[in-house]
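Beneath this line is the structure, given in structure tokens, with notes to follow.
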Amino acid sequence: MEKYSLLSLFRHAGRHHEDWPRAWRDPAPKADYDTVIVGGGGHGLATAYYLASKHGVTDVAVVEKGYLGGGNTGRNTTIVRSNYLRDEAAHLYDFSLTLWEGLSQELNFNVMFSPRGVMSLGHTLQEMRDIERRVNANRLNGIDGEILTTAQVQKRVPLLNCSPKSRYPVMGASWQPRGGIARHDAVAWGFARAADAHGVDILQQTEVTGIRQRNGAVTGVETSRGFIGARRVACVTAGNSGVLARMAGLRLPIESRPLQALVSEPLKPCLDTVVMSNAVHCYISQADKGDLVIGAGADGYNGYGQRGSFRIIEHTLSAVCELFPAFSRVRMNRQWGGIVDICPDACPVIGKTPVEGLYFNCGWGTGGFKATPGSGYVFADTLANERPHPLAEPFALDRFASGALIDEHGAAGVAH
Ligand code: FAD
Ligand code: PYC
């Protein structure tokens, strides 16, 4: 792989950005692999990378029906934080946050992780009580968190409307300084390049259409490019997980719904942190190139259209204008949707299924981007050792039979 020195950058610039070396190979599928990972989003690629780099399992293919990061990985609002309420979730997400902190170095690829802090506003007495409970629980788990007064919020975010006369006055906020944002598609590219360098085959434009089994054990996947045999199949397909499960004769406790986001025209730097409000209901940050990155609620019904309904955009933008009157004349450039996979307790499913050799990592819903490195790490460990990684253990599928649910609806960035 070519090293990017200053000299090579000049050389490429002189060639008008032509003939760049490939960041990963484009191999033909082999007849079989030890492990097939279905889904070339951040979680699938991270799983492949950690399988190869930490466990020496390199006979791996990542099978992606479209292009890398074309699912939720490239569609999210890039918020990274770990301020979850329950111990199980807090430990998992905070482990992921520690991986984010060294990820650019680990992958030798700039994922532009920017720990600019994440602020969740409280607008009612009850919300402030919930914030206090969550911040205290976080601190007990060694996770950074502070409670801000209205004056402290206003100082950090001067453009925010903190008037006591507003519909939902800002009564304070929780603040996680280590949280922030990252460049979402760079995360997919960084993991892809690093996994490929370890010998993982990345097969784009290859759709899995069936999961083959014999005597209760998986034997491989049917794809749009023919059958690919595998001893282990790991489905990391976010909003399409229910479809993949059905191919194996399983039903997951998951609802798949559109969640949408928007970006504005670029503005001069004016918002240097992430602001979330579940009551007025929007979340907003400013990307490094100046666009406001905005999102809000998921559609209230299941669907696979990567658009989302107009009602939600109207609601989101009215929330932005209420919180930031100065943005009322900013034009929106683009809008899109992604299909999120939501479990009844707003927590993921990580681990094996009743079909031997068939694993799922899904159900990250509206909040899995921040989990990308941690999810890949613990899932790779689970696959390689054929037992759950300790951080993944509470998130096994059988919790829906045992009743050991981990309710994280309150910590989700999106009310649903
Ligand atoms: P994906 O990136 O969706 O990857 C799954 C891949 O599987 C896709 O590329 C898909 O094409 C592929 N696939 C599906 N079916 C098949 C098949 N049959 N054969 C082969 N390939 C298949 N999370 C946060 O933490 N912070 C946020 O700010 C945030 N904001 C969000 C905003 C929006 C609008 C959306 C939609 C989501 C948001 N999320 C956020 C959630 C986050 O994006 C996801 O939880 C996370 O990116 C899931 O990653 P993934 O790799 O599992 O899924
Ligand atoms: O989980 O932080 C989050 C989030 C923000 C927007 C969507 N999800």
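This chain uses plain numbering: 1 for the first residue, then up along the sequence. Order of appearance sets the numbers: ligands from 1, and atoms from 1 within every ligand.
In this structure, R212 is positioned above the aromatic face of F227, its NZ or CZ under 6.0 Å from the six-membered ring centre and within 45° of the axis. Both cation-pi conditions hold for R156 and W175: the charged atom is under 6.0 angstrom from the six-membered ring centre and inside a 45 degree cone around its axis.
For ligand 1, the atoms lying closer than 4.0 Å to a non-hydrogen atom of W364 are 45 (O). The atoms of ligand 1 that sit less than 4.0 Å from any heavy atom of G367 are 23 (N), 24 (C), 25 (O), 41 (C). Atoms of ligand 1 lying under 4.0 Å from at least one heavy atom of V63, given by number and element, are 20 (C), 21 (N).
Taking atom 2 (O) of ligand 1 as the reference point, the nearest protein heavy-atom neighbour is T73 OG1, 2.6 Å. Looking only at heavy atoms of the protein, atom 25 (O) of ligand 1 is closest to K370 N, 2.8 Å. Here the heavy atom of the protein found nearest to atom 39 (N) of ligand 1 is T366 O, 3.1 Å. When only non-hydrogen protein atoms are considered, atom 51 (O) of ligand 1 lies nearest to H43 N, 3.0 Å.
Here C343 contributes atom SG and L397 contributes atom CG; the two are 8.5 Å apart, rounded to the nearest 0.5 Å.
Using a 4.0 Å heavy-atom cutoff, N361 is absent from the residues neighbouring ligand 1. Contact analysis leaves S375 out of contact with ligand 1, as no non-hydrogen atom separation drops below 4.0 angstrom. For L244, the heavy-atom gap to ligand 1 drops under 4.0 angstrom.
Around atom CZ of R387, more than 12 heavy atoms belonging to other residues, nucleotides or ligands sit under 6.0 Å away. Other residues, nucleotides and ligands contribute more than 12 heavy atoms inside 6.0 Å of the CD atom of E265.
Ion pair K54/D381 not flagged as a salt bridge, since none of the NZ, NE, NH1 or NH2 atoms sits closer than 4.0 Å to an Asp/Glu carboxylate oxygen.
Looking at L99, V187, V80, L103 one by one, the single match for side chain to side chain contact (heavy atoms under 4.5 Å, CB included) with F113 turns out to be V80.
Defined by atom type and a distance below 3.5 Å, a donor-acceptor pair is present between the side-chain atoms of D299 and S309.
Here's the thing with K65: one of its N/O atoms is less than 3.5 angstrom from an N/O atom of ligand 1.
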